[in-house]
Amino acid sequence: MNLLEELNEAQQEAALTTTGPLLILAGAGSGKTKTLTHRIARLIAEENVYPSQILAVTFTNKAAKEMRERLASLVGQPNARNFMPWMGTFHSVCVRLLRMDGAAVNVPKNFVIYDEDDRQGLIKQIVKSHGLTDKDLKASAVSSAISNAKNALQDPEEYAASAQYPFFKNIAKIYTEYEVRRKKAHALDFDDLLIDAVRLLRDAPEVREKWRTHFKHILIDEYQDTNAAQYHIVKLLVNEDRNICVVGDDWQSIYSWRGADFTNILNFERDFPGAKVVKLEQNYRSTGSILDAANEVIAKNKQRTDKKLWTASGAGLPVQVHGTDSDMEEARYVAERISTHVTMQARRYNDFAVLYRTNAQSSTLERAFLQMRIPYQIVGGVRFYDRKVIKDVVAYLKLLYQPFDRMSFSRIANVPTRGVGATSLERFLTWQAEGDLDIITAMERMGGETVVSGKAKMALARLGGSLQRIRERIDTASPVEIIEEVLAVTGYSDFIKDGSPQAEDNEENLGSLISDAQSFVALPDFLEEVALMSSADSTVGDDVVTLMTLHAAKGLEFPVVFMVGLEEGVLPHSRVFDSDPSELEEERRLCYVGMTRAREELHMSYAYSRLQFGQWSYNPPSRFITDMGNQVAITNPEPQIMGYKEEVSFYSDDIGFEVGDRVRSSAFGDGEIIDIEGMAVTIAFLSGQTKRLNIEYAQLTKL
């Protein structure tokens with residue numbers, strides 16, 4: 001078959017350029033995988049390069065499998081699995097190199113591979129052997145620090161030399177011993193696979209020369225996402241012929257937080273003088289309106305290559321930007337738009353994706369979708385009320401409300417870590433049951449009992465006393481007050497601030513839980529709502545709306561995309577404002593990635609007010625909306641922020657509602673007020689639910 005006839009002019013140029021260094025700048029949706037596979041197919045079918053002499057590196061096993069199958073079809077090879085022996089991720093390629101030649105740098109041929117659980121398990125053992133506890137050094141934080149050091153090619157000695165504070169000095173000690181124990185076990189963790197491959201190619205000249213001679217052509221996909229170790233592997237493998245082809249898009253580099261260095265692609269021409277550059281700018285995914293708006297956003301970045309995406313498919317619908325009163329109204333707006341399209345049979349649920357900056361933002365969306373019976377799936381994460389930190393805090397609340405709840409107690413007895421082991425827990429529960437005491441009272445009495453001893457005894461007594469004091473206020477305190485006190489007295493707030501990559505997500509998830517609780521007057525009402533949310537039927541089937549973070553969306557595409565939370569402090573994220581300007585540029589690239597996931601329609605929204613950590617925040621619309629200029633259609637209703645509505649002032653005795661009023665709630669839909677007591681209103685909703693809500697936070701609108 002003619003391997004060029006399906007390619008456009010730029011793609012053909014890339015496929016025909018098979019000698020010397022080549023940089024393919026492949027814009028979003030420009031057919032880079034197709035170009036790469038056709039290029040490899042030409043090397044094999046027309047230039048007689050033996051398959052095993054080609055090294056093709058992808059960033060996921062799924063991408064490698066897809067490329068291998070496409071290649072097999074293009075050159076008529078039925079056995080796709082064995083067709084391209086040297087195709088896979090950096091890690092899989094490194095495993096093969098080390099199995100074959102690792103002995104040259106003292107890597108045993110029969111090494112085992114430690115996954116993240118294995119690594120954290122070993123770290124916990126070492127932390128304990130140093131007389132430290134999980135409170136002093138969280139295994140996840142130490143693991144993250146070790147991983148970052150390894151990806152920067154920093155050994156324990158170098159890390160220790162740069163450690164300036166006690167926290168980092170302790171990590172340096174753990175890192176040193178971790179390496180000793182790991183090597184004794186003949187084990188390599190995922191980072192070692194890369195680092196030891198670098199050592200092998202750098203420190204064993206005969207091995208390096210063997211593989212430099214063997215690989216006639218090297219192709220690297222997603223080059224903008226390579227880290228320091230991966231960059232060195234590429235440099236060490238390229239021979240004097242310099243037949244290196246890298247494919248990528250610096251505009252889509254969004255993973256610096258895990259070590260990716262997008263300057264690797266910007267510096268390719270410096271690293272390989274005389275390199276040819278081919279730009280794939282024709283987009284086969286999105287409409288012209290979407291591309292024009294996305295181009296305007298990314299054009300504001302200073303550190304970037306120069307290209308401009310275009311499409312032959314026409315302008316399509318303009319990008320829609322919509323302002324809403326609150327984050328709850330924003331979620332309802334998204335849900336209503338989706339529901340309307342599906343009801344009219346204009347779309348199916350699986351045509352839609354909703355993208356957000358942080359996992360915590362899914363909470364209001366999930367509530368709105370459940371309210372409107374919209375099936376959904378969360379990709380790359382779990383449902384809000386199924387997340388560990390949420391289930392932990394809810395378990396504390398359930399125990400306070402029902403102190404005979406053994407399941408909830410068993411979940412939190414040693415969370416945060418307080419020295420209550422499995423044996424102590426079993427003895428305590430047996431004694432508690434025999435005495436017919438509720439669990440909180442039983443814990444309180446532990447100080448004078450001999451059922452358990454030592455650290456567990458005192459820990460249970462202290463926890464019981466703390467919870468008993470909260471329990472005494474359970475009928476008068478609001479759910480938010482109870483949650484905040486639980487977080488403080490149990491140390492859970494500090495427990496999740498462990499320096500791990502998940503720490504920020506955990507904090508934001510707790511903030512969303514507090515925001516959810518603000519609307520409720522009493523703990524039983526809130527717990528009932530939590531139970532209904534967490535027990536909602538799991539979605540079955542393929543026809544579902546996809547919810548995911550912007551990071552998780554890279555590489556995917558959908559007919560209709562909603563991007564929510566386009567506000568300063570959300571997207572771009574607040575943490576970038578006082579940091580290096582490069583972090584703001586990565587936020588802009590993240591916005592660009594989200595926009596270019598849309599094929600036919602792109603809807604972007606922001607809220608005038610957003611409930612965060614139980615407090616109303618008022619952030620201006622994102623600068624990225626301004627960046628788009630006149631490329632969008634903006635609908636901005638007058639802001640009706642809580643406390644600003646003339647007809648409802650929450651700073652007077654008149655709350656603006658009466659019994660019998662028909663109202664709409666962003667969270668629960670339409671209903672009728674059947675009782676008012678101070679700032680608490682009881683509403684009978686059309687869904688059949690009756691809720692007692694705090695008027696200040698319930699976001700009610702008269703009908």
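The figures here come from the full heavy-atom set of this structure, side chains too, leaving out hydrogens, waters and symmetry mates.
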Give the minimum heavy-atom separation between [X] and [Y], together with the two atoms involved.
X: F352; Y: F562; answer: CD2-CE1, 3.7 Å
X: T324; Y: Y333; answer: CG2-CB, 4.3 Å
X: L266; Y: T305; answer: CD2-CG2, 3.6 Å
X: R387; Y: V382; answer: NE-O, 2.9 Å
X: N350; Y: D543; answer: N-OD1, 3.0 Å

Applying the side-chain hydrogen bond (donor to acceptor under 3.5 Å, both in side chains) criterion to H573, which one of E504, E583, E586, R357 satisfies it?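 Testing each of E504, E583, E586, R357 against H573, the sole residue satisfying side-chain hydrogen bond (donor to acceptor under 3.5 Å, both in side chains) is E504.
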side-chain hydrogen bond (donor to acceptor under 3.5 Å, both in side chains) partner of N264, chosen from N227, D271, T226, D250: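 By the side-chain hydrogen bond (donor to acceptor under 3.5 Å, both in side chains) criterion, N264 pairs with just one of N227, D271, T226, D250: T226.
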For [X] and [Y], which I'm curious about, is there any donor-acceptor pair between the side chains at under 3.5 Å?
X: S92; Y: T89; answer: yes
X: S147; Y: D191; answer: yes
X: R119; Y: S143; answer: yes
X: E601; Y: H603; answer: yes
X: E47; Y: T18; answer: yes
X: T311; Y: S313; answer: yes

Evaluation steps, side chain to side chain contact (heavy atoms under 4.5 Å, CB included), between M604 and V319: CA-CA 8 Å; M604 307 173 81; V319 174; 3.9 Å; yes
Basic-acidic side-chain contact under 4.0 Å: [X], [Y]:
X: D351; Y: R348; answer: no
X: E600; Y: R347; answer: yes
X: R304; Y: E585; answer: no
X: R623; Y: E568; answer: yes
X: E66; Y: R70; answer: yes
X: R588; Y: D627; answer: yes
X: R332; Y: E329; answer: no
X: R383; Y: E366; answer: no

Got a sec: does the NZ of K62 have more than 12 other heavy atoms crowding it under 6.0 Å?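 Open.
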Determine whether K150 and D192 satisfy the following criterion, salt bridge (Lys or Arg N to Asp or Glu O under 4.0 Å), listing intermediate values before the conclusion. CA-CA 7 Å; K150 288 188 173 188; D192 294 320; 2.6 Å; yes
Measuring from L309:CG to S30:OG, what's the distance to the nearest 0.5 Å?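 These two atoms lie 7.0 Å from each other.
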Does the pair L590 and H551 meet the rule for a side chain to side chain contact (heavy atoms under 4.5 Å, CB included), with working shown? CA-CA 7 Å; L590 189 59; H551 282 99; 3.6 Å; yes
Does the plane of the ring in F272 sit parallel, tilted or perpendicular to the ring in F268? Use 30° and 60° as the thresholds.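 Plane angle between 30° and 60°, so tilted.
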Heavy-atom donor-acceptor pair, Q11 side chain to N8 backbone, under 3.5 Å: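 Confirmed, Q11 side chain pairs with N8 backbone.
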Yes or no on salt bridge (Lys or Arg N to Asp or Glu O under 4.0 Å) for K308 and E281, after CA distance, side-chain angles and deciding distance? CA-CA 6 Å; K308 184 175 177 66; E281 297 173 297; over 6 Å; no
Which of these passes side-chain contact (heavy atoms from CB on, under 4.5 Å) with E587: I254, L550, L571?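 Of the listed options, the one satisfying the test is L571.
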Given I244, which partner from the list L23, L219, L237, V238 fulfils the side-chain contact (heavy atoms from CB on, under 4.5 Å) test?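 Testing each of L23, L219, L237, V238 against I244, the sole residue satisfying side-chain contact (heavy atoms from CB on, under 4.5 Å) is V238.
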For residues F369 and Y349, determine if any side-chain heavy atom of one lies less than 4.5 Å from a side-chain heavy atom of the other.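 Counting from C-beta outward, F369 and Y349 never come under 4.5 Å.
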